[in-house]
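We name chains A, B, ... by the order of the sequence lines, and we start the count at 1 in each one. Computed over heavy atoms, backbone and side chain alike; hydrogens, waters and symmetry mates excluded.
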There are 2 protein chains.
Amino acid sequence: MSSTTHLDPTSPSRARRDREKAETRQRILEAARELFTTQGYAQTSMRRIADQIGYTATAIYHHFQDKDSLLNELCAVDFRALGEALQTMDKIPDPVTRLRLMGQNYVRFALDHPQQFRFMFLVERPIPGPECVTIDPAENGYQFLLANVREAIAAGRLRPEFTDPEMVAQILWSGVHGLAAIHLHSPEKTHPWLDLRDPDATAAVMSDIVLRGLLREPSA
Amino acid sequence: MSSTTHLDPTSPSRARRDREKAETRQRILEAARELFTTQGYAQTSMRRIADQIGYTATAIYHHFQDKDSLLNELCAVDFRALGEALQTMDKIPDPVTRLRLMGQNYVRFALDHPQQFRFMFLVERPIPGPECVTIDPAENGYQFLLANVREAIAAGRLRPEFTDPEMVAQILWSGVHGLAAIHLHSPEKTHPWLDLRDPDATAAVMSDIVLRGLLREPSA
DNA sequence: GAGATTACCTAACACCGTTAGGTCGGCCTG
DNA sequence: CAGGCCGACCTAACGGTGTTAGGTAATCTC
């Protein structure tokens with residue numbers, strides 16, 4: 001019963017098969033990403049994903065549990081990319097300046113990667129997904145934002161009434177997130193009554209406003 | 001050709017039939033609203049909507065073009081309600097207080113009508129839609145926000161560098177819009193690393209912060 | 001009564017996500 | 001080398017979806 005028939009994990013052929021399986025898995029992910037981003041999640045069927053890479057829809061189920069976990073995995077990748085983009089600023093000494101630039105980078109990321117951004121934050125999530133825990137907090141953009149808010153509070157830069165770093169972080173996030181969402185949703189003239197200002201300029205002004213409302217007087 | 005066979009718009013029986021048709025249409029809308037809000041849009045099928053009121057799915061197509069226009073009509077109703085709710089505040093004398101309350105009402109509306117809010121602002125729009133000529137109900141709310149910003153500027157309440165009412169309005173909107181979007185997207189524990197604060201409290205604090213950053217000194 | 005209108009129905013289409021069960025080539029053991 | 005196992009992939013199918021074609025029967029106008 002416990003004989004290791006066919007199970008040798010050190011065999012070279014086993015390694016090759018593992019590699020091939022990983023490659024197939026990767027090709028599924030790439031096809032799904034392209035179709036999800038160009039056609040939308042609901043408009044992309046498992047059969048079309050499979051067609052694109054010469055497989056049958058059922059083959060996908062040997063690599064992923066269901067359609068949702070395809071999207072989940074793509075989101076995880078994009079989350080990591082966003083987190084890394086934000087963390088490039090940890091060399092800046094002033095935490096408040098970091099907060100300001102993070103906001104502007106967030107908006108820019110959203111406009112540069114509209115589909116991924118939509119994926120991560122705008123698409124209606126089917127179900128929490130228990131294995132979403134795989135996201136490393138160190139690579140998590142929100143944790144980085146939170147750390148910077150904590151640093152600003154610890155340095156006494158914020159007004160004394162702001163003692164909850166989570167709430168301050170969520171307020172900062174909300175501003176840039178909403179700006180990105182509005183621009184993503186009204187790319188052209190979908191709403192003729194809405195004359196959108198330049199997103200980067202608006203993000204900069206918004207950062208100034210929110211930070212002035214947050215900071216102690218002397219730094220105004 | 002132009003004989004009015006069967007078309008007499010003044011006939012009483014015609015009026016009765018019109019009323020009955022309108023009632024059926026209304027019952028469809030009510031059933032759709034309940035199912036959309038309790039089960040979600042994607043999880044609600046035309047057949048289930050029809051079942052709920054004793055019809056067949058195809059009957060709905062005599063009253064509405066397709067499933068989307070069902071949700072569209074519900075959205076129009078709700079956003080008109082939002083616009084009117086926001087405008088009830090025009091009795092408040094202080095334009096800045098109006099702006100503060102508008103933001104908090106916006107967040108509450110989004111959380112009270114998650115499906116409609118998502119559909120209006122978050123869902124990927126397929127195409128502007130040519131017969132969307134019916135005035136966008138969101139327009140009223142934005143125009144009202146804009147008018148209040150203009151009034152605040154004209155009254156000299158804002159710092160002198162804020163001369164563009166559109167940009168100020170879009171900044172104010174972005175904050176509450178982003179807060180609503182974040183809460184709508186993470187209703188439960190979809191993101192275990194995110195410990196969301198109470199949305200109403202956060203909206204209130206955010207309004208204070210943004211307005212302090214916007215206002216002239218004396219009113220701090 | 002004749003004919004048009006209409007609110008609703010049944011049946012079906014094409015497609016969806018997903019599962020059951022089979023095929024078949026390569027690997028491991030003897 | 002023989003033989004069995006494994007697993008990546010397939011075909012076929014299930015129950016569901018939004019939507020359409022075409023029919024029926026009641027009602028209206030004349």
Side-chain angles (χ1 to χ4, degrees), chain A residues 1-29 31-32 35-36 39-72 124 126-127 129, chain B residues 1-29 31-32 35-36 39-72 119 126:
Chain A
M1 201 60 164
S2 62
S3 76
T4 61
T5 62
H6 305 101
L7 295 182
D8 182 2
T10 65
S11 142
S13 57
R14 163 64 181 261
R16 195 208 49 182
R17 277 169 81 96
D18 279 357
R19 179 178 51 81
E20 284 175 356
K21 174 157 187 174
E23 281 170 6
T24 302
R25 190 186 149 92
Q26 200 56 35
R27 287 206 293 147
I28 293 172
L29 279 176
L35 290 175
F36 283 166
Q39 317 289 330
Y41 178 72
Q43 286 71 37
T44 300
S45 72
M46 299 295 265
R47 287 166 174 86
R48 251 193 287 272
I49 296 172
D51 276 358
Q52 178 124 335
I53 52 177
Y55 286 115
T56 313
T58 56
I60 301 180
Y61 290 86
H62 278 257
H63 301 269
F64 300 92
Q65 190 174 1
D66 52 19
K67 191 184 175 188
D68 285 349
S69 50
L70 267 178
L71 181 120
N72 261 335
E124 194 170 1
I127 265 185
Chain B
M1 202 59 165
S2 60
S3 78
T4 61
T5 63
H6 307 102
L7 295 181
D8 182 1
T10 65
S11 143
S13 57
R14 166 62 181 261
R16 194 207 54 185
R17 276 170 80 98
D18 279 357
R19 178 178 50 80
E20 284 174 359
K21 175 157 187 176
E23 281 171 4
T24 301
R25 189 186 150 92
Q26 200 55 34
R27 286 205 293 148
I28 294 172
L29 279 176
L35 291 174
F36 284 165
Q39 317 289 329
Y41 179 71
Q43 285 71 38
T44 300
S45 73
M46 299 295 264
R47 288 166 173 87
R48 251 192 290 271
I49 296 173
D51 277 358
Q52 178 124 336
I53 51 178
Y55 286 115
T56 313
T58 56
I60 301 180
Y61 290 87
H62 277 258
H63 300 269
F64 300 93
Q65 192 174 359
D66 53 19
K67 192 184 177 187
D68 278 355
S69 51
L70 266 179
L71 186 51
N72 236 335
F119 191 73

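- One atom, CD1 of A:Ile60, and another, P of C:dT18, lie 10 Å apart when rounded to the nearest Å.
- Of the charged side-chain nitrogens involved, none lies within less than 4.0 Å of a carboxylate oxygen, so that B:Arg27 and B:Glu23 do not count as a salt-bridged pair.
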Can you build the contact string for nucleotides 8-16 of chain D? Use B for base contact, S for sugar-phosphate-only contact, and - for no protein heavy atom under 4.0 Å. BBBBBB---
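- Scored by the side-chain hydrogen bond (donor to acceptor under 3.5 Å, both in side chains) test, A:Arg25 finds A:Glu73 as partners (sequence neighbours excluded).
- Following rounding to the nearest Å, B:Glu20 (CD) and D:dT27 (P) show an atom-to-atom distance of 10 Å.
- With rounding to whole Å, A:Gln39 atom CD is found 12 Å from C:dC16 atom P.
- One interatomic measurement links the two molecules: CZ of B:Arg25 to P of C:dC8, which rounds to 13 Å at whole-angstrom precision.
- Between A:Met46 atom CE and C:dA14 atom C1' there is a gap of 19 Å when expressed in whole angstrom units.
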Test A:Asn72 against A:Ser69 for side chain to side chain donor-acceptor pair (under 3.5 Å), laying out the working first. CA-CA 5 Å; A:Asn72 261 335; A:Ser69 50; over 6 Å; no
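- Between the P atom of D:dG18 and the CG atom of B:Asp51 lies a distance of 12 Å, rounded to the nearest Å.
- A:Asp51 meets the side-chain hydrogen bond (donor to acceptor under 3.5 Å, both in side chains) test with no other residue; sequence neighbours excluded.
- Here the C1' atom of nucleotide C:dT19 and the NZ atom of A:Lys67 are 17 Å apart, to the nearest Å.
- At whole-Å resolution of the value, CZ in B:Phe64 and P in C:dC8 are 12 Å apart.
- Looking at A:Asp68, its side chain never comes within 3.5 Å of a backbone N or O of A:Leu71 through a donor-acceptor pair.
- Side-chain atoms of B:Phe36 and B:Ile49, non-hydrogen and from C-beta on, do get closer than 4.5 Å to each other.
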